[in-house]
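The analysis underlying the following values was restricted to heavy atoms, covering all of them including side chains, and did not include hydrogens, waters or symmetry mates. In what follows, chains are A, B, ... by sequence order, proteins preceding strands, each numbered from 1.
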Amino acid sequence: MGVVEDLAADLGPDRVRPGGPEDAIGGLVPAAVAEPLSPEAIALVLRRAGADGLAVRVRGGGTKQAWTAPPSRLDVVLSTTALDRLVDHAPGDMTCVAEAGMPLAALAAAISDVTTHRQRLMLDPPGGAAATLGGVLACAASGPRRTRYGTPRDLVLGARYVTGDGLAAKTGGRVVKNVAGYDVAKLLIGSHGSLAVITEVALKLHPLPDAARTAVLRTTDPAAAAAFCDAVRDAPVTPALVEVAWPEGVVMVRVESTADGADAQIAHLRGLADIEVPDETAADALAADLAARAWAGADAVLAVGVRPSRLADLLRLAAAHDAVLVVRAGVCAGELALPDADPERAGRVAAAVRALGGNVQVRRGDGLHAALTVDPDPALAGIEDALRRGLDPHGVLAGAAR
Amino acid sequence: MATTAATGAIGELAERARAIVGPVWVLSDPAQLSTYECDGLTNQRERPGLVVLPASTDEVAAVVRACHELGVPFVARGAGSGLSGGAMPRAEGVVIGLARMRAILDIDVADRRVTVQPGVTNLAITEAVAPHGLYYAPDPSSQQVCTIGGNIAENAGGAHCLKYGFTVNHVLAATVVLGDGAVTRLGSDAPDAPGLDLLGVLIGSEGTCGIVTEAVVGVLPRPQHVETLVAFFDTVEEGGETVSEIISDGIVPAAVEMMDRLAIEAARAVTHMDWDAESALIVELDGPESEVRSQFEAVTRICAARNAREVRVAASPAERAAIWTARKSAFAAAGRLAPAYRVQDGVIPRTRLPEVLRGIADLSERYGLRVANVFHAGDGNLHPLVLYDSAVPEQVEQSEELAMAIVALCVEHGGSITGEHGVGTEKACSMPKMFDGADLTAFDRVRAAFDPAGLCNPDKLLPTPRLCGEVPGFHRVHPVERAGLGARL
Ligand SMILES: Cc1cc2nc3c(=O)[nH]c(=O)nc-3n(C[C@H](O)[C@H](O)[C@H](O)COP(=O)(O)OP(=O)(O)OC[C@H]3O[C@@H](n4cnc5c(N)ncnc54)[C@H](O)[C@@H]3O)c2cc1C
């Protein structure tokens, strides 16, 4: 029997279909696409794959498959989109639990009903409305607000997951503080689905601020932009985001606070530099523009991160390589876009970022993973391999993840 | 027979260790070894076979390599202030004490980070960067003594983690000696390193994934403005409800701490203060001045609306310090209330505070033992202190039962068995209350990936047959699998 028939026998015929061109990842079309309804059904798929030697790739919204290397083999795309419920929302505790296939946008709508409770998940990754919670976590994706609220590792309280050999397990919990057991969620976040399938996540929420105000500085001098960002960091302001877009030379600082707190912080920023203070509608438009800037139309996008003191160098580097850079100044991490996916050119950029002591990861670009990935030191690689063998002993997920 | 073999191994190890660290830094005299038989959980003790005090990463690595070759279990030790038995050694094992490694290696003001050896105390980091207007945010009450190595192992928290997060949110990188003596570096100097977040797993792994020999931690600018108040209530429930209301009002205080009558009495016994109430709630806000001022007004209003009998606002840094002294002394002062006490560390959703505190009071009555509560109310992390008389055998047993009943109560309310003290040996057998066989099996696989030989702080964090008997559904990774020679199908 074929893969589709085998999986249909396990899951029911309506949960499995043959893969088509729209399911291709890195040019490989899977034999089957399975959309299980429960963690137990996910375990069935993985156990079947283990027994039959199938390579499985997990897919949420399908918006970030390019963030990891294309698979070397691909038999089954395991879609999490049927697991899309909000399991629990405890507004008073500022926590919620949702299934991994729930789109982030749907989660946001479900929990931040302004009339009842003013709170939200402070995660604003790229990928648009289709991006699911599980996919965002598996890619450790974040956006501008990480400046104040951190990345998925700072917001996840616990998770349920199914290991490569079909063990349905959990880690952490629902409470905001908890040190019982290993924090396996930290491993799953950023593992690109290579260890286990995330099925459910408990999250920390934050209150919606009363007011937001925005300051914009325009300068094309890297030293001036970096000096302003340093001054913001040292000032009594706690910005939700500080975005620098290069080579345009835009620095956008958004403060979120009480109404008078936000005004006072903006007043302080006026003392630091000659800033514009757009109204919030214009500021929203600028924020959306900056968020899209690195992604729109680029054939290659790299995630880059350097120490904050290297901001000016990073800006110069972007200009020197004709790249578009949008970077969160406080943490000094962002996206660098190149007009083409030429591996040599991308390799030069990556080498330059690494020469600054920085990190580089591929977010988009055919063939770039192989060109830009560097091997970790042997001791680290040993632990990573042992973890893969431990959580995915038959290599069901690993084969398709690399 | 195993013991004889182990004794032989210890002898051999002692010899090798003397060559590595120098003879004065290897302790084998029983009287000296006794100092290392327990941590802050003093009712569980085991005298180690040997104590080695290395001075560098290379020395730690060489000692661990020797342990690995000889099959001798080892445990790292910082200040020994842990409260879950994490640093308790095995009789046939070695304590690797990091007390000599307490140099601050680098202060990088521009990038706001400090590189330290593992034996540096938590407070020493803040003191080192204070001249630059910076501080290290995680602030365990034990911060004067506890080390950054111990903080990393336990993912230590403190009063201010409500707003600023735990150790895991502030450590950027660590140099680690793995179970076989290999040295590696986890984390990165820059954000967004590729690869798995191994540092995130190491932090909070209770010394079972390796020995940290160097750490890079982030430091923060001191907030522009701080406001602190203490509010007194006639009931514990009103204090608890006030906490929920502050949080759901959209305010994220820097700290929200609570003490009940017994804890207040304890603190009064050791400090000059006149607090007298069924519960005291300490609320601190920090940040930009105008934001703090308007939110502080809101907090004061909420306290009044919840029938606070009195609200005292700290009018000066000295008054603020006095409030915190009262809070931080309550814990150690519990010794004034009874000959002995056990401290628990359960967590509950913070909206459940009133009912769980009532539940604890009921349990206390049922067991006929007093329980003092002094805790991190803002994040629902309870620290019930079960008071008892160690000279009365029934009380020893009953206090243990009561403590475990409180832990169970926390789990029933959707919480955790530990918020910051760790599982250690103390709560290893309680892990099945929270985690089923599959969860524990997955945890064990993670542990085995870091330490296949199983020599790195064994008998901690996970239930072992030796400590707890068999746990249904929990499959430990077999040594053959650990070595990567086979897999369970
Ligand atoms: C009065 C009092 C108040 C406390 N208040 C708090 C509090 O508010 N918040 C809180 O979180 N904790 C608190 N604690 C608990 C304790 O102080 C913390 O767990 C602390 O992090 C332990 O540090 P230590 O150096 O004493 O570690 P130790 O007790 O020596 O060791 C603890 C664990 O860490 C491991 N370890 C130590 N050094 C290393 C290393 N270099 N590498 C790898 N593993 C290592 C040990 O093997 C052990 O498992 C308190 C304790 C006391 C006595």
Side-chain angles (χ1 to χ4, degrees), chain A residues 90-94 118 150 153-154 163 167-171 173-184 186-187 189-191 207-208 234 236-238 257-258 260-261 264-265 303 305-309 331-333 357-359 361 373 376-377 379-380 383-384 386-387 389-391 393, chain B residues 110-111 154-155 157 165 169 178 182 184 188-198 200-201 204-205 221 224 244 247-248 250 252 287-288 290-291 294-295 347-351 379-381 414-420 422-423 431 434-435 438-439 441-443 445-446 448-450 484 487:
Chain A
D93 292 314
M94 296 262 174
R118 299 173 45 77
R153 84 196 284 277
D154 305 300
T163 62
L167 196 67
K170 66 178 178 299
T171 175
R174 294 181 177 196
V175 281
V176 294
K177 190 174 183 186
N178 177 14
V179 295
Y182 294 103
D183 194 351
V184 180
K186 294 281 189 298
L187 277 182
I189 293 168
S191 69
L208 271 176
D234 292 333
V237 293
T238 49
S257 179
T258 56
D260 47 348
Q265 292 183 49
V306 296
R307 289 174 167 230
S309 60
V331 274
C332 229
N359 292 313
Q361 293 186 63
T373 302
D377 87 52
L380 273 188
I383 303 174
E384 293 202 349
L387 282 166
R389 274 200 312 277
L391 293 177
Chain B
D111 282 318
E154 303 291 1
N155 189 16
N169 306 110
L178 299 169
T184 190
S188 170
D189 284 342
D192 294 351
L196 299 175
D197 183 6
L198 301 180
V201 184
S205 64
Q224 181 191 26
S244 297
I247 304 281
S248 43
V252 183
S290 54
E291 174 183 305
S294 55
Q295 293 193 336
V347 189
I348 51 165
R350 43 209 166 187
T351 45
D379 38 34
N381 186 193
S416 167
I417 61 174
T418 174
E420 57 183 20
V423 175
M431 284 289 277
M434 234 180 122
F435 297 107
D439 306 335
T441 301
F443 285 152
R445 292 179 182 184
V446 170
F450 277 88

Q: Give, as side chain, backbone, both or neither, the part of Ser257(A) having an atom under 4.5 angstrom from any heavy atom of chain B.
A: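 Backbone plus side chain of Ser257(A), per the 4.5 Å heavy-atom cut-off to chain B.
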Q: In terms of heavy-atom pairs under 4.5 Å, which option from Gly419(B), Gly415(B), Ser248(B) contacts chain A the most?
A: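 Most pairs with chain A among the choices: Gly419(B).
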Q: For the interface with chain B, which of Arg153(A), Lys170(A), Arg174(A), Met94(A) has the highest count of heavy-atom pairs at distances below 4.5 Å?
A: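 Winner by heavy-atom pair count: Lys170(A).
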Q: Tell me, side chain or backbone of Met434(B) under 4.5 Å from chain A's heavy atoms, or both, or neither?
A: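 When you check distances to chain A, atoms from both the backbone and side chain of Met434(B) fall under 4.5 Å.
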Q: Shortest non-hydrogen contact from Thr238(A) to Glu291(B)?
A: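 Here Thr238(A) and Glu291(B) meet closest at OG1-OE1, 4.4 Å.
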Q: Which distance, rounded to the nearest 0.5 Å, do you find between the CG of Asp93(A) and the OG1 of Thr351(B)?
A: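 Between atom CG of Asp93(A) and atom OG1 of Thr351(B) there are 3.0 Å.
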Q: For the residue pair Leu387(A) and Leu198(B), establish whether any side-chain heavy-atom pair is separated by less than 4.5 Å.
A: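 Leu387(A) vs Leu198(B): side chains touch.
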Q: Could you look at Ser188(B) and say if it's the side chain, the backbone, both or neither that has a heavy atom under 4.5 Å from chain A?
A: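 Contact with chain A: side chain only.
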Q: Thr418(B) versus chain A, heavy atoms under 4.5 Å apart: side chain, backbone, both or neither?
A: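 Contact with chain A is through both the backbone and side chain of Thr418(B).
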Q: What pairs with Phe450(B) under ring pair (Phe, Tyr, Trp, His ring centres under 6.0 Å), at least two apart in sequence or on another chain?
A: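 In terms of ring pair (Phe, Tyr, Trp, His ring centres under 6.0 Å), with neighbours along the sequence ignored, Phe450(B) is linked to no residue.
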Q: Top residue by heavy-atom pair count (under 4.5 Å) with chain A, among Val201(B), Ile348(B), Asn155(B)?
A: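 Highest number of heavy-atom pairs under 4.5 Å: Val201(B).
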Q: Answer with side chain, backbone, both or neither: which region of Pro376(A) has an atom nearer than 4.5 Å to a non-hydrogen atom of chain B?
A: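 No part of Pro376(A) comes within 4.5 Å of chain B.
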Q: Heavy-atom pairs under 4.5 Å with chain B are the metric here; pick the option from Asn178(A), Asp183(A), Thr258(A), Ile189(A) that has the most.
A: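 Most heavy-atom pairs within the cutoff with chain B belong to Asn178(A).
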Q: Below 4.5 Å from any heavy atom of chain A, which atoms of Asp379(B) appear? Answer side chain, backbone, both or neither.
A: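 Contact with chain A is through both the backbone and side chain of Asp379(B).
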Q: Out of Ala193(B), Gly380(B), Ser205(B), Ala110(B), which one racks up the most heavy-atom pairs below 4.5 Å with chain A?
A: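 Option with the greatest count: Ala193(B).
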Q: Suppose we screen for side chain to side chain donor-acceptor pair (under 3.5 Å). Which residues come up paired with Asn169(B), at least two apart in sequence or across chains?
A: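 Expected list: Asp154(A).
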Q: Can you name the closest pair of heavy atoms from Ala180(A) and Ser416(B) and give their distance?
A: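 Looking at all heavy atoms of both residues, the shortest contact is CB-OG, 3.8 Å.
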Q: With chain B, which of Cys332(A), Ser309(A), Gly358(A) has the greatest number of heavy-atom pairs at distances under 4.5 Å?
A: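 Result: the option with the highest number of such pairs is Ser309(A).
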Q: Quick check for you: among Gly357(A), Ala333(A), Gly190(A), Gly181(A), which has the greatest number of heavy-atom pairs under 4.5 Å with chain B?
A: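 Going by pairs under 4.5 Å, I would pick Gly181(A).
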Q: Which answer fits Leu178(B), side chain, backbone, both or neither, if we ask what part of it has an atom under 4.5 Å from a heavy atom of chain A?
A: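 Looking at Leu178(B), just its side chain touches chain A.
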Q: Please flag which part of Val306(A) lies under 4.5 Å from any non-hydrogen atom of chain B: side chain, backbone, both or neither.
A: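 Backbone of Val306(A) only, per the 4.5 Å heavy-atom cut-off to chain B.
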Q: State, to 0.1 Å, how close Arg445(B) and Pro393(A) come at their nearest heavy-atom pair, and which atoms those are.
A: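 Nearest pair, atom of Arg445(B) first, then Pro393(A): NH1-CD, 4.3 Å.
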Q: Please give me the minimum heavy-atom distance between Thr184(B) and Ala379(A), naming the atom from each residue.
A: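 Distance-wise, the nearest heavy atoms are CB-CB, 3.8 Å.
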Q: Identify which part of Val446(B) has an atom lying under 4.5 Å from any heavy atom of chain A, answering side chain, backbone, both or neither.
A: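 Both backbone and side chain of Val446(B) come within 4.5 Å of chain A.
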Q: Where does Leu167(A) contact chain B at under 4.5 Å (heavy atoms): side chain, backbone, both or neither?
A: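 Leu167(A) touches chain B through side-chain heavy atoms alone.
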Q: Determine the minimum heavy-atom distance between Asp192(B) and Asn359(A), stating which atoms define it.
A: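 For Asp192(B) versus Asn359(A), the nearest heavy atoms are O-CB, 3.4 Å.
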Q: What option among Lys177(A), Arg307(A), Gln265(A), Lys186(A) has the most heavy-atom pairs under 4.5 Å with chain B?
A: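 Ranked by contacts with chain B, first place is Lys177(A).
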Q: I'd like to verify something: which residue of Asp189(B), Val252(B), Asn381(B), Asp197(B) has the highest number of heavy-atom pairs under 4.5 Å with chain A?
A: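 Maximum pair count with chain A is reached by Asp197(B).
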Q: Taking all non-hydrogen atoms of both residues, which atom of Ser191(A) and which atom of Leu196(B) are closest, and how far apart?
A: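 Smallest interatomic distance, heavy atoms only, reads CB-CD2, 3.7 Å.
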Q: Flag the one option from Ala303(A), Gly150(A), Ala90(A), Gly261(A) with the top tally of heavy-atom pairs under 4.5 Å to chain B.
A: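 Heavy-atom pair counts peak at Gly261(A).
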Q: Could you look at Glu384(A) and say if it's the side chain, the backbone, both or neither that has a heavy atom under 4.5 Å from chain B?
A: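 Both backbone and side chain.
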Q: For Asp377(A), is it the side chain, the backbone, both or neither that has a heavy atom under 4.5 Å from a heavy atom of chain B?
A: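 Interface part for Asp377(A): side chain.
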